[in-house]
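What you see is a predicted model, and the numbers here were worked out from it, not measured in a lab. Proteins come first, then strands; the chains are lettered A, B, ... in the order of their sequence lines, and each starts at number 1.
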Amino acid sequence: MAAVLDIVPENAWLALWRRLQQDRIGAFSLGIVIVYLVMILFAMAGLLAGGWSEEIGVPYANPSFLGERPNLEAALAQRAAQRQGRVPDLTAVDPLAPKYAEWEKRTAELKTGERERSLTLRWGGDRWGRDVLAKAIKGSQVSIAVGVFAALCATFIGTLLGALGGFYGRWVNDSLEWVYNVFTSIPSILLVFSLAAVLRSGVLAHLFASGIWTVVIILAVTGWTGMYRLVRAEYMKHRSREYVLAAQAIGASAASRMFVHILPNVSHVVLVQLSLLVVAFIKVEVILSFLGLGVPVDMVSWGTMLGEAQTELVIGKWWQLAAATVFMAIFLTAFSMLTDSLRDALDPKLR
Amino acid sequence: MTAYILRRLWQMIPTLAGVILLIFFLFKFFGGDPAQILAGQVASQEQIDAIRQQLGLDRPWYVQLGIFVRDIFSFDFGKSWMTREQVSEIFVTRLPATLTITLPILILEVALAIPVAMLVAYHRGTLLDRLVIAICVAAMSISFLVYIIVGQYVFGFELGWFPVQGWSDSFWRNLVTYAPLPILLAALVGLAPQTRLYRSFFLDETKSDYVRTARAKGLSDAAILRRHVLPNAMVPVLTNVALLLPGVFVGSFLLEIFFSIPGLGREVYIAVNRSDYPVIQAFTVYLAVLTMLINLGADVLYRLVDPRIQLT
């Protein structure tokens, strides 16, 4: 009995899991990526960093470990606020003077939301006194979500077109190759800029005015070509393999052969390329958001944080730059190393 | 060779047609009403109609496509919507600044990466090798933006070794005064991925039979690397340089924005912010053509470097 069972091949995904666990660097990177994913899920549910946009500290509040550091900006803002409180007496000349009493009564009735602003925050505050640590966590959510969604969209486009071109060949392949040549002959940053220009002020501007979808579309439309090339080459190799011919012989349709039979056999190529795309897209999203062409202004991403950091650095407020850089670098390093381990674990040649 | 070049040029025609169609329809269908953008929010209907007529927007789309194609081949894209400058004029005047930055970056990057990669490949498997590769991976995970922001702050603002930003009309003054900081920053950032890549090229070559033969006849590792591996590894290195070459036109757009360098990349970015469609369209089409021509030139060069490569 046992002898028969031994011949049953190991489930490919279980084998992958086993190999990843054996690879210490891979397992460690996977751990870090999982920590980030849990953090993102908590942030999405509002349990973590939900109040990132609340101004809870003084402007440029010091990090708590640097509490003694002089904070000129906060002092200036406080003085300006005090000066605003003392309005010079204009009763003699102001025609609206009789209404002063009524206004004061109304002001008193209005409960101001101003709460006690703290002088220090865990990892410092930004220009409006928002918690930088909360921003970094929320920014991780946005940046990683953009990278993952865009990579999924690009993978979908690239895999579908690559499968069609590689499987059918002939004119389908020729016309898709033409599209590929057109897209790759335009320098990618110009395609990104063209799409950004059109999506900002064109007819679709209102449709995607909020949310991350503008960036996702830009990245997906410009980034599918590599995936297409890889998948196409794999399909050309696989379409005349025996298992596919056997499937055809028992009457499997073309669609079934393409996506039920061949796709699982090329999925390792797709998976590795998908993770490479995530890393590349996160980097581009950061640059686009920095330039103001990425996520909208009411959202925070690593890119918008770096955008604010540029002016902050000149006045010596380095913590927002550090937070965004560290969060981004740790995630991208872990994800890149995980991708390397994934490739090693999936490569049939190394088994 | 001539036949090959002619055939490649012939094959470019459908691709170029595709680029023109893509850009035209992208802006035509999704770009909104140019007259509205041009006239602003408060324009009257007559003003909008006048602009529509002036731009030929009241004519059917195939006539507009015809005008677009004619503009491309006559190098006359009309004027920028915002600055009223001739688009071709903008292109020609912004190109030198970009090349002043990008060409030194490319040369420096390759010139630095080859010796470092050779050194690392020579010491493969040792602590030095692993250390350099680990540094490369970590360095690549930090956004280019961070390097520019910190570099500009430290070397320009804090230490004052270089001007924080600026540009002049004199080429030499630009190259000596304003360009060094952006060039050094980009070259250092580009060094990490290049080194990693070139190391793998060198290591691939060291597995070849000729290396084993050379070792068998008693040649030292250093001599094998220099005399046998290096010339052979130059083929993939050159392929990589050819891939980087089209980047010389807009690859430095971030540097240009940060350091206020009046180059092509910064110009396109400004055009995007102003919805200045003619500038974006013209730059995209022309840079696509330039990219195709450079790729062809790289393929021809290839053949000259390695006679084994057959051009088909």
Side-chain angles (χ1 to χ4, degrees), chain A residues 174 177-205 221 279 282-284 286-287 289-293 302-303 306-307 309-314 316 318 321-322 324-326 328-337 340, chain B residues 11-12 14-23 26-27 29-33 36-37 134 137-146 148-150 152-154 157 246-247 249-251 253-254 257-258 265 268-269 271-277 280-281 283-285 287-292 295:
Chain A
D174 290 344
E177 278 297 279
W178 177 67
V179 175
Y180 169 83
N181 281 332
V182 168
F183 271 83
T184 48
S185 69
I186 302 175
S188 61
I189 188 63
L190 283 173
L191 200 53
V192 167
F193 275 168
S194 295
L195 283 165
V198 162
L199 290 175
R200 270 162 63 92
S201 50
V203 286
L204 297 175
V221 171
V279 173
I282 288 178
K283 287 185 181 172
V284 180
V286 167
I287 289 174
S289 294
F290 174 85
L291 294 175
L293 304 174
W302 291 330
L306 289 180
Q310 197 196 356
T311 46
E312 290 177 358
L313 198 58
V314 181
W318 50 269
L321 176 76
T325 308
V326 167
M328 184 176 164
I330 291 178
F331 180 78
L332 288 188
T333 309
F335 206 90
S336 306
M337 291 200 298
D340 283 352
Chain B
Q11 284 165 352
M12 269 179 208
T15 311
L16 178 60
V19 171
I20 293 173
L21 287 176
L22 176 69
I23 297 301
L26 181 67
F27 282 87
F29 286 148
F30 300 109
D33 187 355
Q36 200 87 51
I37 297 169
V137 172
M140 281 158 67
S141 307
I142 297 174
S143 176
F144 188 29
L145 289 170
V146 176
I148 308 182
I149 294 173
V150 174
Q152 197 177 27
Y153 172 72
V154 171
F157 184 79
F249 295 110
V250 278
F253 73 100
L254 273 178
I257 293 166
F258 270 97
V268 186
Y269 171 64
V272 170
N273 273 331
R274 290 169 171 168
S275 300
D276 199 346
Y277 289 176
I280 308 171
Q281 289 174 323
F283 278 33
T284 308
V285 173
L287 287 178
V289 175
L290 272 175
T291 307
M292 285 187 256
N295 285 339

Heavy-atom pairs under 4.5 Å with chain B: which of Phe183(A), Trp318(A), Phe193(A) has the most? Phe193(A)
Only pairs of heavy atoms separated by less than 4.5 Å count here; which of Asn181(A), Leu321(A), Ile287(A), Val286(A) has the most with chain B? Ile287(A)
With only heavy atoms counted, which part of [X] is less than 4.5 Å from chain B, the side chain, the backbone, both or neither?
X	result
Leu293(A)	side chain
Leu313(A)	both
Ile189(A)	side chain

Per-residue contact mode, [X] against chain A (heavy atom under 4.5 angstrom):
X	result
Leu145(B)	side chain
Leu290(B)	neither
Gln152(B)	side chain
Ile148(B)	neither

If we only count heavy atoms from C-beta on, is the Ser194(A) to Ile280(B) side-chain gap below 4.5 Å? yes
Given side chains that start at C-beta, do those of Leu191(A) and Leu22(B) come closer than 4.5 Å, heavy atoms only? yes
Who pairs with Tyr269(B) by side-chain hydrogen bond (donor to acceptor under 3.5 Å, both in side chains), at least two apart in sequence or on another chain? Asn273(B)
Proximity of Phe290(A) and Phe144(B) rings by center, below 6.0 Å: no
